[in-house]
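Quick caveat: nothing in here was measured; it's all calculated off a predicted structure. First listed ligand is number 1; within each ligand, the first listed atom is number 1. Computation of the quantities below employed the complete heavy-atom set of this structure, encompassing side-chain atoms and omitting hydrogens, waters and symmetry-equivalent molecules.
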Amino acid sequence: MRLERMKERFEKLYGSGGEVFAYHSPGRVNLIGEHTDYNGGYVLPCALTLGTCGIIRKRENRLLRFASTNIGGAYIEIGLDQIEYNREHSWVNYLLGVVAEFQNLGLPVGGLELLLSGDMSSNAGLSSSASVEMLMAAALNELFETKLETIELVKLAQRAENRFVGVNCGIMDQYAVGMGKKDRAMLLDCTSLACEYIPVEPDGHCLIIGNTNSPRNLAGSGYNTRREECERAVKMLRSGHEITLLGQLTPAQFETDKHRITCPTARKRATHVIYEIERTKQAAEHLRAGNLAAFGELMNQSHRSLAGLFEVTGKALDTMVNAAWKQEGVLGSRMTGAGFGGCTVSLVKESCAGAFIENVGKIYKEETGIEAAFYTAGIGEGTRRIG
Ligand code: GLA
């Protein structure tokens with residue numbers, strides 16, 4: 001929704017007066033490096049031009065009011081002293097989690113009114129949650145003059161998701177959303193948080209995001225289970241190495257010692273992680289060198305590993321990616337994000353994009369009965385004030 005229309009909606013809902021602030025916070029797409037962030041590896045995401053807009057204003061009391069144009073209806077009101085997780089208010093929990101983290105740090109947060117409007121579906125796996133969390137964090141930081149650096153806001157938003165929402169996510173989403181730059185992919189070392197911004201020069205190609213529109217019911221519980229399985233692998237490898245995370249092992253060290261992982265599931269998970277980290281580093285090299293064909297091939301390998309070893313794809317994602325691989329002008333295609341439904345990302349020759357969307361959509365509908373949605377993704381800026 002356009003900013004002016006949003007401002008009108010805001011005043012209609014909450015009344016006029018006072019200084020209003022406007023923010024945009026992007027979604028993200030991960031090009032490669034999946035389920036590596038919480039294992040101390042590398043990821044290669046980009047912030048999107050798609051995302052969430054928010055209009056916000058301070059109140060002179062201790063009430064928080066939240067509304068969204070995507071949901072409509074009245075606002076939800078919560079006292080600053082009654083912040084607790086409420087399952088029925090799914091999207092509000094992301095906001096409350098951020099407020100709670102400000103409070104945990106002893107930072108002064110007062111009452112406010114917020115209207116959000118998002119142009120990504122909340123279940124697509126493009127990090128609409130991190131988008132909303134970072135918007136809230138940036139807005140609170142400015143409104144209440146708490147003067148935290150963006151990187152501190154990123155970590156705070158991740159803690160909100162871990163502690164308040166209960167998803168043990170890594171740092172990738174909040175980092176990509178908070179620190180993204182236009183037309184740049186980010187090679188992030190998830191241990192040191194050192195980030196290299198790599199220009200994406202598409203050279204006649206585009207990124208197409210395919211939304212499977214398939215429910216991601218397992219996203220919370222399945223995600224946490226994968227994380228535990230990786231931790232189990234680390235414990236078993238520890239008899240030979242002083243490690244706390246899988247990412248601390250080279251592939252050669254892993255090959256020598258993988259027999260120590262006696263649980264077959266944990267061994268499969270670890271194998272994915274070790275080689276996905278390698279693929280991510282190689283993919284960054286190909287991107288720097290402008291070798292998109294080699295980059296695309298690594299995307300394909302990543303998907304196969306996520307399907308066969310990490311087992312987070314499922315019928316919807318596999319059907320869409322398999323259909324994509326058969327199309328003309330496709331350099332690479334894979335699932336993106338946590339998996340269990342959600343989106344795919346494909347690197348496609350621009351001249352073939354129309355046929356790609358039509359054909360993949362058709363095959364996907366025939367095989368799953370579900371209507372897919374496609375977006376040609378622009379790479380945008382991180383969370384920022386826009387008015
Ligand atoms: C979700 C999490 C991220 C990351 C990905 C998988 O998006 O929020 O931290 O682990 O899944 O790569």
Worksheet entry | In one Ile/Leu/Val/Met/Phe/Trp/Tyr side-chain cluster, 4.5 Å: Leu156, Met134 | yes
Practice prompt. Taking only heavy atoms of the protein into account, state which residues are under 4.0 angstrom from an atom of ligand 1, in chain and number order.
Written response: Arg28, Glu34, His35, Asp37, Tyr38, Cys169, Gly170, Met172, Asp173, Tyr223, Gly337, Ala338
Worksheet item: To the nearest 0.5 Å, how far apart are CE in Met120 and OH in Tyr375?
Response: 9.0 Å
Discussion item. Taking the basic N atoms (NZ, or NE/NH1/NH2) and the acidic carboxylate oxygens, is any pair closer than 4.0 Å for Arg232 and Glu229?
Written reply: no
Fill in: Between Thr146 and Asn141: side-chain donor-acceptor atoms closer than 3.5 Å
yes
Discussion item. If we count only N and O atoms by modelled type, under 3.5 Å, do the side chains of Arg9 and Ser117 hold a donor and an acceptor together?
Written reply: no
Practice prompt. Using distance alone, with no hydrogens and no angle criterion, decide if Gln248 and Thr244 have a side-chain donor and acceptor under 3.5 Å apart.
Written response: yes
